Amino acid sequence: MNKNWRFVAKNCRAGGALGVALAIVGTAACANPVNGAVTPAASALAPTSGPASRSDNPFASLNQCQLVDQILTGQGFPPAQPSVADSSRSCRSKKESQNAAIDPATEVGVALQNGQKYTDNIQNLNSAHNGNIDGRKLIEQRDLLGSPGGCQIGMEVGPNARALVIVLIGDDTAAACKKAEDVATALDKLLPRN
C-alpha cells in the first residue's frame with residue numbers, strides 16, 4: 001500500500017447497485033458515519049443538497065478524459081472515452097489483454113461528481129473502508145457488487161463534491177485495488193483542495 005494512504009476500519013451502510021463501470025445508480029445513500037453509526041440520506045440518484053451553480057463546481061476547469069489520459073500515459077491504455085452511463089461526468093479507458101494469465105484486461109475510470117458526497121452510494125458494508133491520501137478523505141470499496149476484480153475509491157473534493165476512481169481487473173481484487181490506489185494517488189495531485 002502507498003505510504004501516503006491511511007485506512008481506518010469504519011464502514012458505511014447503503015444498498016444499491018453498480019450497473020455499469022462508473023455508473024453509480026443506487027437506491028439509497030448513506031450519510032457520514034458518526035461513531036460507527038450512519039443515517040440514510042435522500043435518494044442516491046439526486047444530488048444531496050441540490051444543484052450547485054457553475055462557479056461552485058470544483059471541477060469546472062477540469063476534463064475527466066484528459067485526467068484519465070494524463071494519469072495512464074505510457075501504460076498501454078488507449079485514449080479515454082466518456083462512459084456510456086454518465087458521459088458528462090465520467091471517462092474510462094480499457095486496456096485489452098493479449099494473455100490473461102500474464103496481463104489481464106484492465107479498465108480504469110474516473111468520475112468527477114459535483115453535488116455528491118464521497119460517502120454516498122456505499123455498496124457493501126463489509127468491503128468499505130475509510131482512509132485518506134495526504135489528508136484527502138476517501139472510502140475504498142472492494143469487490144463491487146460482490147464480485148471479485150473490482151475496486152472503487154471515492155475521494156472528497158469539497159463538502160458536496162467527489163471524484164471516483166473505479167478499476168476492474170478480471171477477478172483479481174487485490175490488483176484492482178492496487179491500481180485504483182495508484183490512480184487515486186495521481187488524481188489527488190490534480191484535484192483542487194477544499
Side-chain angles (χ1 to χ4, degrees), residues 12 14-31 41-72 77-96 105-124 127-128 136-147 149-169 176-177 179-184 186-188 190-192:
C12 184
L18 179 66
V20 178
L22 295 171
I24 306 269
V25 183
T27 57
C30 73
S43 169
L45 299 174
T48 55
S49 65
S53 72
R54 182 81 173 149
S55 64
D56 292 340
N57 183 349
F59 306 121
S61 65
L62 298 175
N63 178 292
Q64 58 275 13
C65 290
Q66 290 174 354
L67 292 173
V68 172
D69 289 340
Q70 182 176 348
I71 292 166
L72 299 177
F77 284 84
Q81 300 295 318
S83 69
V84 173
D86 192 7
S87 62
S88 65
R89 302 189 301 173
S90 62
C91 280
R92 59 181 274 289
S93 181
K94 183 174 183 178
K95 180 171 67 170
E96 299 296 337
T106 302
E107 185 168 357
V108 175
V110 169
L112 304 178
Q113 299 177 330
N114 193 35
Q116 289 187 276
K117 298 178 186 211
Y118 81 106
T119 55
D120 288 349
N121 310 98
I122 305 306
Q123 302 295 316
N124 183 336
S127 69
R136 186 187 301 275
K137 295 177 187 175
L138 64 85
I139 293 180
E140 180 179 282
Q141 297 181 70
R142 303 170 64 87
D143 296 332
L144 302 176
L145 295 179
S147 298
C151 194
Q152 174 183 293
I153 297 174
M155 305 165 60
E156 183 178 49
V157 179
N160 207 26
R162 70 179 179 184
L164 296 180
V165 172
I166 296 176
V167 175
L168 305 171
I169 300 179
C177 285
K179 184 67 171 177
E181 290 170 5
D182 292 345
V183 171
L187 181 60
D188 171 64
L190 303 172
L191 295 173

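Here the structure is a predicted model, which is why all the values come from computation and not from measurement. Numbers here are sequence positions counted from 1. Atom set for the values below is all heavy atoms of this structure, side chains included, hydrogens, waters and symmetry mates excluded.
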- Task: Measure from the side-chain N and O atoms of Q64 to the backbone N and O of S88, and report whether any donor-acceptor pair falls under 3.5 Å.
- Result: yes
- State, to 0.1 Å, how close N121 and R162 come at their nearest heavy-atom pair, and which atoms those are. OD1-NH2, 3.2 Å
- Message: Could you tell me if the side chain of Q113 sits less than 4.5 Å from the side chain of D86, heavy atoms only?
- Response: yes
- Query: Within the side chain of S93, is there an N or O that forms a donor-acceptor pair under 3.5 Å with the backbone of P78?
  - Reply: yes
- Message: Taking A111's backbone N and O only, do any of them form a donor-acceptor pair with S90's side chain (distance below 3.5 Å, no angle check)?
- Response: no
- Task: Considering non-hydrogen atoms only, spot the tightest contact between C65 and P82 and give its length.
- Result: SG-N, 3.8 Å
- Taking the side chain from D69 and the backbone from P79, do they hold a donor-acceptor pair closer than 3.5 Å? no
- Query: With a 4.5 Å limit on heavy-atom distance, are the side chains of L72 and K95 in contact?
  - Reply: no
- Task: Quick one: pull up CG in L62 and CG in L67 and give me the separation to the nearest 0.5 Å.
- Result: 5.5 Å
- Task: Indicate the atoms forming the closest heavy-atom contact of R136 with V157, along with that distance.
- Result: NH1-CA, 3.6 Å
- Evaluate the side-chain proximity of D188 to L138: yes if any heavy-atom separation is below 4.5 Å, no if none is. no
- Looking only at heavy atoms, the pair that brings G150 and L168 closest together is CA-CD2, 3.7 Å
- Within a reach of under 6.0 Å around NZ of K137, are more than 12 heavy atoms found that belong to other residues, nucleotides or ligands? no
- Message: Can you give me the closest heavy-atom contact between L164 and Q152, atom names plus distance?
- Response: CD2-NE2, 4.0 Å
- Message: Tell me the closest heavy-atom pair linking I139 and A128, and the distance in Å.
- Response: CG2-CB, 4.0 Å
